[in-house]
A.B. asks: 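This is the structure I want to talk about, given as structure tokens.
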Amino acid sequence: MGEVNHPLAHGDTIAAIATAAGPGGIGIIRISGPEAWRVGRRVFRPKYGRQYNPREILRKLVLGHAVDPVSGEHLDQVLAVFFQAPHSYTTENTVEIHSHAGPAVTARVLQAALAAGARLARPGEFTYRALMGGRLDLSAAEAVAQLIAARSTSEARLALAGLEGGLARQLKPVRQALLGAAAAVEAAVDFPDEVDDILTVELAEALAGRVIAPLEHLVQRATERRIWRQGAVVALVGRPNVGKSTLFNAVLGQHRAITSQTPGTTRDAIEEAALIGSVVCRLVDTAGLAQAGDHLENLSQEMTRQALSRADLVLLVLDGSAPLTAEDRQLMAETSRLKRVVAVNKSDLPSASPPWEAGTLEAGVAVSALTGSGMEELLAAVAEALTGGQPEPAAGEAVASARQGQALECCLKAARRAAVGLRRQDPQPELISLELAEALAALGEVDGQGAPEEVFEAVFSQFCLGK
Ligand code: GDP
């Protein structure tokens with residue numbers, strides 16, 4: 001047959017259903033690998049011309065039948081398309097069989113491909129091969145995973161921007177600057193007598209301008225934008241009986257948490273999703289941070305702390321009809337460093353006097369969870385605080401995922417330490433060299449250059465079968 005394989009084609013031939021499970025639409029069985037054409041020819045018979053050379057029908061949808069390779073039984077009328085390495089998604093020889101029958105038939109066509117010599121692909125394996133074939137970089141591969149998992153159009157747009165390699169493109173000069181600095185410092189290790197003050201100052205400046213500044217920008221934006229991509233965790237915090245559960249329900253517009261007149265009855269943290277502004281929020285209603293005492297209350301305090309530690313925003317609820325208590329003050333102090341919005345609840349009741357000591361608290365939003373007055377203002381304040389007043393990201397804007405953001409932050413910190421080391425009176429090239437190596441390793445976790453095995457695994461574990 002004289003099938004040509006791309007030099008990077010490797011391993012065995014894999015097959016999987018590449019479309020989402022479930023009835024309706026078409027199901028695509030994708031076969032990729034050095035034997036893909038051979039497998040394809042065993043399971044696909046074109047309607048016209050029984051003998052065919054895949055090379056002659058490349059990238060054309062050809063009508064025919066999917067057949068059982070052993071019995072020759074027709075499984076379904078299908079369209080098939082052959083791709084030649086490296087001009088396919090995986091960069092390998094690939095065959096796609098488009099079947100329009102239900103999932104049972106699609107599964108039988110896959111079975112046929114397996115019987116014809118392919119192995120079932122692992123999750124993400126097609127994309128992994130695309131990465132290995134140089135078709136995608138790691139951030140693009142991750143974007144594919146995000147695109148598959150995207151739950152909204154704005155998420156999908158963000159993932160698509162990542163897919164177009166925007167992030168990797170922005171990181172290229174950062175990597176080059178780090179490599180340049182690492183090489184210069186390495187030379188200084190080898191030739192210690194020639195270390196020159198001017199050189200170290202220049203290197204520190206290069207790091208500041210070409211590594212630290214752009215990374216700071218990316219990390220900052222990643223945090224802001226992550227909210228659009230993943231939604232935000234909003235924790236409702238307040239002492240018992242200030243009206244957290246009532247407020248929680250008012251936000252959700254439904255009545256799920258049980259409210260009661262007895263303080264401290266809502267002991268479990270309850271979580272629900274709500275759309276605030278245009279941000280998807282996971283609203284967590286925490287039990288009040290009750291004074292230490294019985295076992296359950298310790299548990300609820302622990303839960304409050306946990307909710308606080310992962311919250312993107314704290315909604316601190318106070319009771320405007322009662323004077324501030326020690327507990328209110330404690331919560332105010334505990335949340336003072338977090339991004340927070342203060343709701344002064346029960347505005348339908350006469351307000352307690354003197355209500356709020358001037359200066360100890362930012363202006364709260366007066367609200368009545370019971371009557372709903374002030375709710376719009378409160379939600380607007382939450383949305384504004386979450387997004388920093390920024391509009392939804394535009395299409396084509398590359399944004400780091402949480403994992404990428406963390407790696408970039410590690411890279412940033414190591415680069416900062418290297419710059420500090422370079423500015424010292426007596427720079428120690430060995431130490432600086434280590435910091436730069438650490439920065440490069442962290443960067444590798446995002447652009448995939450020299451990324452360790454675990455990173456690939458972490459990225460590909462997010463995939464579902466057939467991608
Ligand atoms: P939590 O312990 O902080 O969750 O407080 P709850 O939501 O259980 O509310 C405690 C009590 O305050 C209940 O009797 C609610 O009906 C009442 N409450 C909550 N919000 C308001 C409000 O805005 N106005 C008034 N008048 N009562 C409220």
Side-chain angles (χ1 to χ4, degrees), residues 233-274 276 281-311 313-336 338-356 361-383:
V233 175
V234 175
L236 267 86
V237 173
R239 68 168 165 80
N241 232 24
V242 291
K244 291 181 300 301
S245 306
T246 312
L247 189 63
F248 181 81
N249 288 331
V251 173
L252 286 172
Q254 10 177 270
H255 298 270
R256 238 170 242 148
I258 299 157
T259 57
S260 101
Q261 299 279 358
T262 328
T265 36
T266 320
R267 282 204 165 101
D268 299 324
I270 300 172
E271 195 170 318
E272 294 286 350
I276 299 185
C281 291
R282 297 216 306 284
L283 214 56
V284 185
D285 179 13
T286 64
L289 192 74
Q291 287 305 312
D294 67 48
H295 169 70
L296 268 177
E297 277 172 359
N298 284 333
L299 205 74
S300 65
Q301 287 185 37
E302 182 50 34
M303 235 144 24
T304 303
R305 295 220 169 81
Q306 274 180 18
L308 285 183
S309 70
R310 66 189 181 97
L313 181 132
V314 173
L315 186 54
L316 175 61
V317 187
L318 300 171
D319 181 345
S321 70
L324 284 181
T325 69
E327 223 179 313
D328 289 324
R329 284 179 225 278
Q330 189 188 337
L331 283 170
M332 281 158 56
E334 276 192 41
T335 56
S336 64
L338 305 172
K339 188 177 278 186
R340 113 183 137 181
V341 168
V342 179
V344 183
N345 193 30
K346 310 199 186 179
S347 64
D348 55 300
L349 299 178
S351 75
S353 53
W356 321 106
L361 196 67
E362 65 270 28
V365 182
V367 65
S368 168
L370 208 59
T371 67
S373 96
M375 285 301 288
E376 297 223 337
E377 290 83 343
L378 181 66
L379 295 185
V382 168

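Ligands are counted one by one from 1 in listed order, and the atoms in each one are counted from 1 as well.
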A.B. asks: I'd like to know whether ligand 1 has Pro240 as a neighbour, heavy-atom separation below 4.0 Å.
C.D. replies: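 Within the 4.0 Å threshold, so yes.
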A.B. asks: Could you check which of Val237, Leu370, Leu247, Leu349 puts a non-hydrogen atom nearest to atom 16 (O) of ligand 1?
C.D. replies: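 Selected option, by shortest heavy-atom distance: Leu370.
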A.B. asks: Are the side chains of Leu315 and Leu247 in contact, using a 4.5 Å heavy-atom criterion?
C.D. replies: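 With C-beta onward as the side chain, the pair touches.
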A.B. asks: Counting heavy atoms only, which of Val367, Asp348, Asn345, Thr371 comes nearest to atom 20 (N) of ligand 1?
C.D. replies: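 The nearest heavy atom belongs to Asn345.
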A.B. asks: Run the side-chain donor-acceptor check on residues 370-379: report pairs under 3.5 Å with partners two or more places apart or on a different chain.
C.D. replies:
| residue | atom | partner | partner atom | Å |
| --- | --- | --- | --- | --- |
| Thr371 | OG1 | Ser368 | OG | 3.0 |
| Thr371 | OG1 | Ser373 | N | 3.3 |

A.B. asks: Applying side-chain hydrogen bond (donor to acceptor under 3.5 Å, both in side chains), name anything that partners Ser347, two or more places apart in sequence or on another chain.
C.D. replies: none
A.B. asks: I would like to know whether Val242 and Leu318 meet side chain to side chain contact (heavy atoms under 4.5 Å, CB included); could you show each step before the answer?
C.D. replies: CA-CA 6 Å; Val242 291; Leu318 300 171; 5.6 Å; no
